[in-house]
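Have a look at the structure below, then the notes.
Values reported hereafter were calculated over all heavy atoms of this structure, with side chains retained and with hydrogens, waters and symmetry mates removed. Keep in mind the model is a prediction, meaning the values are calculated, not measured. Each chain gets a letter, A, B and so on, in the order its sequence line appears, and its residues count up from 1.
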Protein chains: 2
Amino acid sequence: MGFFQEQAVTSSDKTFFRLREEIVEGEISAGAKLSEVELSTKYEVSRAVVREAINRLEACNIVERKANVGARVVTLTAEGLLELYQIREALEGMAARLAAQNMPETEIDKLSNLLDDQFELVKQGQSYYQEAGDLDFHYRIIVGTQNQQLITMLSNGIYHLARMYRVQLGMTGPRVTTAYDEHKHIVKAIANRDGELAEILMRRHIQYSKNNIAVKLSKM
Amino acid sequence: MGFFQEQAVTSSDKTFFRLREEIVEGEISAGAKLSEVELSTKYEVSRAVVREAINRLEACNIVERKANVGARVVTLTAEGLLELYQIREALEGMAARLAAQNMPETEIDKLSNLLDDQFELVKQGQSYYQEAGDLDFHYRIIVGTQNQQLITMLSNGIYHLARMYRVQLGMTGPRVTTAYDEHKHIVKAIANRDGELAEILMRRHIQYSKNNIAVKLSKM
DNA sequence: TATAATAAAATTGTCGACAATTTTAGATTT
DNA sequence: AAATCTAAAATTGTCGACAATTTTATTATA
């Protein structure tokens with residue numbers, strides 16, 4: 001699952017990545033209190049380092065912090081999910097439009113080939129490639145926008161939150177083949193340099209994903 | 001200029017707000033190095049407090065930081081401006097759409113009246129109300145979405161960056177009357193609960209703003 | 001003189017301790 | 001017994017000092 005690998009140079013970085021992973025992957029559960037002393041002993045770093053990591057998690061909307069009280073892992077709600085996907089729809093729709101303008105031909109080809117490969121795997125029943133493949137698809141389009149701020153915003157902020165929802169709702173692999181078709185159409189629009197269509201298709205794609213998750217969430 | 005006043009409870013908060021203001025309003029210039037010791041003596045707080053403030057500025061994309069080297073105020077470029085407005089177009093377009101769905105009638109009425117009042121002031125030549133008025137207009141629509149994540153994202157992140165550009169390019173008040181008409185049409189679409197139109201109009205409005213700034217930027 | 005290696009200075013990263021605030025537990029009162 | 005006030009414990013916020021890294025200044029070499 002490693003495209004966009006961020007490299008941890010400082011101790012705070014490492015702690016931040018580690019903590020984020022534990023939260024996003026559900027080892028630290030939603031709503032849990034993040035005690036600074038507890039985490040500093042657990043990770044064997046100073047409290048200052050943990051504090052810095054928590055601050056960064058707060059900026060990513062993964063934890064909420066109250067002054068003089070502390071930080072808690074964000075609690076997942078149906079409203080929160082809806083809000084998040086409204087934002088994704090806007091940003092990734094724009095991303096598809098911009099990718100149609102700016103993505104190099106070679107990258108579009110690679111993306112197209114990638115989809116074909118994934119389809120082969122899915123046909124053979126290897127559906128565990130699905131999630132990583134989906135993430136890769138979206139990420140390549142984001143990068144194709146060549147909008148650095150958008151890239152940062154989505155890959156640092158939105159995706160980890162979105163994954164947190166999926167993990168905690170146990171959504172590891174539905175909707176494989178339908179998503180594949182949607183992906184195909186989006187790439188075709190990008191290859192045709194039709195930004196308007198690419199945006200429309202991407203927005204629909206994300207709406208479908210949202211509905212798919214919302215159904216699961218309502219059954220809890 | 002104070003709607004959405006954030007309240008500073010801790011010392012880090014105060015330092016963050018103060019530092020952000022100095023940067024956004026141009027007292028600390030673009031590209032400037034932010035020395036931790038220098039700022040801690042200037043503001044009479046510890047280095048830890050300054051560090052925390054700088055971290056938060058980094059999360060807002062107002063400063064860039066390199067490990068073991070330090071933080072610098074982001075440098076304004078034509079590309080950066082373009083990127084920022086592409087994001088604004090996507091997010092605020094969606095905001096207008098959601099406001100058409102969710103904004104209470106009373107709030108829409110207030111917004112409409114506000115525009116009329118502003119128009120009166122502008123007719124009398126008091127154009128210095130323009131910028132605050134514009135900001136207020138956009139902010140009310142954002143809040144009208146009732147999407148908390150979107151509200152946070154825009155009011156914490158995007159607007160300060162956008163203002164930074166305007167200040168440093170000396171854009172204190174052009175495009176008053178044309179913007180007024182655009183605002184009027186957007187509010188009308190929201191009042192009609194026509195989300196699709198509201199989004200289209202808002203996106204155009206932001207495109208015009210961008211072009212207006214881009215022209216100035218190209219003359220530097 | 002220009003370049004490279006080296007040492008000194010300055011800056012950021014990390015740590016443990018103290019201060020301020022909040023939370024918990026116990027005592028007091030009705 | 002329930003509610004309120006008080007004191008202790010625990011947690012977060014802030015600070016100054018030390019460690020690690022980068023930058024600058026100096027010296028040595030081609």
Side-chain angles (χ1 to χ4, degrees), chain A residues 5-23 27-75 152 156, chain B residues 5-23 27-75 152 156:
Chain A
Q5 241 129 356
E6 303 139 302
Q7 54 194 8
V9 18
T10 166
S11 176
S12 286
D13 289 340
K14 275 179 230 145
T15 307
F16 167 64
F17 292 138
R18 213 171 139 183
L19 197 48
R20 183 179 64 185
E21 172 142 353
E22 287 202 29
I23 293 172
E27 294 159 45
I28 298 177
S29 59
K33 173 85 190 292
L34 294 181
S35 163
E36 295 183 0
V37 290
E38 189 183 319
L39 291 172
S40 69
T41 56
K42 178 179 174 185
Y43 292 145
E44 295 176 313
V45 292
S46 79
R47 249 189 69 217
V49 170
V50 172
R51 264 184 82 80
E52 197 157 321
I54 291 179
N55 280 333
R56 287 166 71 176
L57 288 173
E58 188 190 13
C60 299
N61 291 99
I62 290 178
V63 310
E64 284 172 332
R65 150 172 280 174
K66 268 198 292 190
N68 288 315
V69 173
R72 286 188 172 280
V73 176
V74 129
T75 56
T152 305
N156 281 349
Chain B
Q5 241 128 355
E6 304 139 299
Q7 54 194 9
V9 18
T10 166
S11 176
S12 286
D13 289 340
K14 275 180 231 147
T15 307
F16 168 63
F17 291 138
R18 211 170 141 185
L19 196 48
R20 184 178 64 184
E21 172 142 352
E22 288 202 30
I23 293 172
E27 293 160 45
I28 297 177
S29 59
K33 173 84 189 292
L34 294 182
S35 163
E36 295 182 0
V37 290
E38 190 183 319
L39 291 172
S40 69
T41 56
K42 178 178 175 185
Y43 293 144
E44 293 176 315
V45 290
S46 79
R47 250 188 68 216
V49 171
V50 172
R51 262 184 84 80
E52 199 158 318
I54 290 179
N55 280 333
R56 287 166 71 177
L57 289 172
E58 187 189 13
C60 300
N61 291 99
I62 289 178
V63 312
E64 285 172 332
R65 150 173 280 174
K66 267 198 293 190
N68 289 313
V69 173
R72 286 188 172 280
V73 176
V74 129
T75 55
T152 304
N156 280 349

Supply the atom-to-atom distance A/S35 OG to A/I54 CD1, rounded to the nearest 0.5 angstrom.
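Answer for the OG-CD1 pair, A/S35 versus A/I54, is 8.0 Å.
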Output the residues of residues 66-73 of chain A in contact with DNA chain D, where contact means a heavy atom of the residue under 4.0 Å from an atom of the strand; sort by number or write none.
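Of all residues in residues 66-73 of chain A, the ones placing a heavy atom under 4.0 Å from DNA chain D are A/A67, A/N68, A/V69, A/G70.
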Residues from residues 54-65 of chain A sitting under 4.0 Å of DNA chain D, heavy atoms only?
none
Using a cut-off of strictly less than 4.0 Å, decide whether [X] has a side-chain nitrogen or oxygen near OP1 or OP2 of [N].
X     : N      : value
B/K33 : C/dA10 : no
A/T10 : C/dT14 : yes
A/S46 : C/dC15 : yes
A/S12 : C/dG13 : no
B/R47 : D/dG16 : no

Evaluate the side-chain proximity of [Y] to [X]: yes if any heavy-atom separation is below 4.5 Å, no if none is.
X     : Y     : value
A/R51 : B/E52 : yes
A/Y43 : A/L19 : yes
A/D13 : A/R56 : yes
A/N61 : A/V74 : no

Smallest separation among heavy atoms of A/A30 and A/V73, with atom names
CA-CG1, 3.8 Å
Residue pair A/Q7 / A/F17: nearest heavy atoms and the distance that separates them:
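Here A/Q7 and A/F17 meet closest at C-CE1, 4.2 Å.
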Would one find more than 12 heavy atoms of other residues, nucleotides or ligands at under 6.0 Å from atom CD of B/E21?
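No, the 6.0 Å shell around CD holds no more than 12 heavy atoms from other groups.
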Whole-Å distance separating the [atom1] atom of [X] from the [atom2] atom of [N]:
X     : N      : atom1 : atom2 : value
B/L39 : D/dC15 : CG    : P     : 14 Å
A/R51 : D/dC15 : CZ    : C1'   : 12 Å
B/E52 : C/dT14 : CD    : P     : 15 Å
B/E36 : C/dG13 : CD    : P     : 6 Å

Closest listed nucleotide, where the reference is the side chain of B/V37 and the choices are C/dT11, D/dT11, D/dT14:
C/dT11
I'd like to check the salt bridge (Lys or Arg N to Asp or Glu O under 4.0 Å) partners of A/K42; sequence neighbours left out, ordered by chain and number.
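Checked A/K42 against salt bridge (Lys or Arg N to Asp or Glu O under 4.0 Å); matches are A/E22.
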